[in-house]
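Data first, discussion second: the structure below is written as structure tokens.
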Amino acid sequence: MLIVMQSHAAPAHIERVVQVIQTQGLTAHVMPGATRTAIGITGNTGAVDKSLFEVLPGVEEAIRVTKPYKLASREMKPDDTTIQLRQGTVGPKTFTLVAGPCSVESEALMLKTAEHLVSRGVKFLRAGAFKPRSSPYSFQGLGLEGLRILQKCRDKTGIGIVTELMDTEYASVVEEASDIIQIGTRNMQNFSLLKRVGQCRKPVLLKRGMSATLDEWLMAAEYILAGGNYDVILCERGVRTFSDHSRNTLDLSVIPPAKALCHLPIFVDPSHGTGKRAYVPAMSLAALAAGADGLLLEAHPDPDRAASDGAQTLDFTALDALLTRLKTLAPAFGRTM
Ligand code: PEP
Ligand code: MN
């Protein structure tokens, strides 16, 4: 249920609606809009009685939300979500780049990468301190030491940090070390983890599960929003198909329907999406054209020596060339970088 307030509704009217929602044992989500405030209701298992709200002062109307994902739906919030970060804004009319190695490998490597990115105007550094690897014998990441290195990069250069949280145990330390918390494809339906990041006060980058439908992905986002964390960025990273010419099938065709159904920003990860660095530039440009709000790119000064995912990682020369092309094209799609 969505309660739409009149444009002249006073704060006390909004507070009254929130009280009535809470008295029913339900959760109120106040969403200020350009002209009026809307209040989403979650927590109900059956229908909520509209008339409880329609009689309250300042209420314009009570609308049933038909989609199973409520807070993530455009029915609930027609305007695109904008996320404000210290380093800049994520959302409509912008195109945000996040780049860096697959894993945090060493302090020297991370500082070199952070400095390069800052010199090119890239505001976010990605790298995993905790790595979800298919084999238990592969490099598992530096863990807490990796987080310390990332924080050092932020302190020295001001760059924003995007890093993965794999389990609830490390939620507080990852939240502290990051500007955006990444939830990986293998954890998209780890509901305990989703509930935990719903309590965090940092934006969450939610990667699409490698076999998740759009509805499942949006329901996963709903878990985070329902917990009170409204700053969620979706990230398409490729899905499993019969195709074997690339690591995954980067599903750029999910962007228009995701945008139609949901107000959250969407990034694209063409590195994991293709698995081959040669294909990353074309798919990055295609993501911009398809309506993405940003990219997550794997980049490393010497990809052939990277501890993980070197084959899909751009070196700095290739990254710079891609940035130049993106900067040229972004204005044609109404976006600034
Ligand atoms: C990553 O971004 O490093 C990563 C592990 O991605 P994914 O969860 O999409 O495989
Ligand atoms: Mn990787």
Side-chain angles (χ1 to χ4, degrees), residues 96-105 109-110 113 117 122 124-136 138-143 146-147 149-150 160-167 170 174 177-190 193-194 197 203-212 216-217 220-221 224 232-241 246-252 254 266-277 279-280 283-284 287 292 294-315 318-319:
T96 302
L97 295 180
V98 180
C102 180
S103 328
V104 181
E105 294 176 26
L109 170 96
M110 292 312 300
T113 306
L117 294 176
V122 176
F124 295 94
L125 171 69
R126 60 137 295 144
F130 297 96
K131 293 304 304 177
R133 303 306 302 279
S134 301
S135 164
S138 301
F139 176 56
Q140 301 288 305
L142 296 181
L147 294 183
I149 292 172
L150 290 171
I161 302 296
V162 181
T163 197
E164 179 163 351
L165 172 66
M166 274 174 52
D167 37 87
Y170 292 108
V174 169
S178 62
D179 293 277
I180 299 176
I181 303 166
Q182 179 173 326
I183 298 295
T185 193
R186 292 159 189 82
N187 273 318
M188 190 206 81
Q189 284 188 319
N190 179 338
L193 193 60
L194 298 176
V197 292
V204 175
L205 180 101
L206 178 65
K207 288 197 148 191
R208 180 181 179 185
M210 60 182 85
S211 62
E216 287 165 340
W217 192 16
I224 305 171
V232 175
I233 303 163
L234 302 170
C235 181
E236 161 61 30
R237 50 79 70 203
V239 290
R240 285 274 171 89
T241 67
S246 54
R247 182 177 177 182
N248 292 292
T249 297
L250 188 64
D251 182 16
L252 295 181
V254 81
I266 306 180
F267 285 5
V268 168
D269 172 352
S271 306
H272 293 86
T274 63
K276 294 196 180 112
R277 67 178 79 125
Y279 309 151
V280 168
M283 297 315 284
S284 300
L295 293 174
L296 192 73
L297 294 166
E298 285 186 334
H300 186 291
D302 188 359
D304 292 333
R305 286 178 211 274
S308 52
D309 283 351
Q312 64 192 34
T313 301
L314 301 177
D315 63 18
L319 178 70

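In each ligand, atom 1 is the first atom listed, and ligand 1 is the first ligand listed.
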Is it true that, when you exclude R133 itself, more than 12 heavy atoms of the residues, nucleotides or ligands shown sit nearer than 6.0 Å to its CZ? yes
Determine whether R208 and E216 satisfy the following criterion, side-chain contact (heavy atoms from CB on, under 4.5 Å), listing intermediate values before the conclusion. CA-CA 9 Å; R208 180 181 179 185; E216 287 165 340; over 6 Å; no
Atom indices of ligand 1, in the order listed, that fall short of 4.0 Å to a heavy atom of K131: 1 (C), 3 (O), 5 (C)
Looking only at protein heavy atoms, what sits closest to atom 2 (O) of ligand 1 is R126 NH1, 2.7 Å
Below 3.5 Å, N or O to N or O, backbone or side chain included: is there any such pair between R237 and ligand 1? yes
Which ligand 1 atoms, with their elements, are less than 4.0 angstrom from a heavy-atom of E298? 3 (O)
N/O/S atom name from E298 that is nearest to the position of the Mn ion (ligand 2): OE2
Identity and separation of the nearest protein heavy atom to atom 1 (C) of ligand 1: H272 CE1, 3.3 Å
A student checking ligand 1 against G184 at a 4.0 Å heavy-atom cut-off should list atoms 8 (O)
Does a side-chain N-to-carboxylate-O contact under 4.0 Å join R126 and E298? yes
Quick one: CD1 on I183 to CG on L165, what's the gap to the nearest 0.5 Å? 5.0 Å
Which atom name would you report as the N, O or S atom of D309 nearest the Mn ion (ligand 2)? OD2
Would you mind listing which atoms of ligand 1 come within a distance below 4.0 Å of any non-hydrogen atom of E164? 5 (C)
Where is the nearest protein heavy atom to atom 8 (O) of ligand 1: which residue, which atom, and how far? T185 N, 2.9 Å
Does ligand 1 have an atom under 4.0 Å from some heavy atom of M210? no
Within this structure, what is the CH2-CG distance for the pair W217 and D251, rounded to the nearest 0.5 Å? 8.0 Å
Dump the intermediate steps for side-chain contact (heavy atoms from CB on, under 4.5 Å) on L206 and L194, then the final yes or no. CA-CA 9 Å; L206 178 65; L194 298 176; 3.9 Å; yes
For side-chain contact (heavy atoms from CB on, under 4.5 Å), just list the numbers for F130 and L147, CA-CA rounded to whole Å, side-chain angles, deciding distance to a tenth of an Å, and then say yes or no. CA-CA 9 Å; F130 297 96; L147 294 183; 3.9 Å; yes
Ion pair check, D309 and R247, cut-off under 4.0 Å: yes
Taking only non-hydrogen atoms of K207 and a 4.0 Å limit, the atoms of ligand 1 in range are 1 (C), 2 (O), 4 (C), 6 (O), 7 (P), 8 (O), 9 (O)
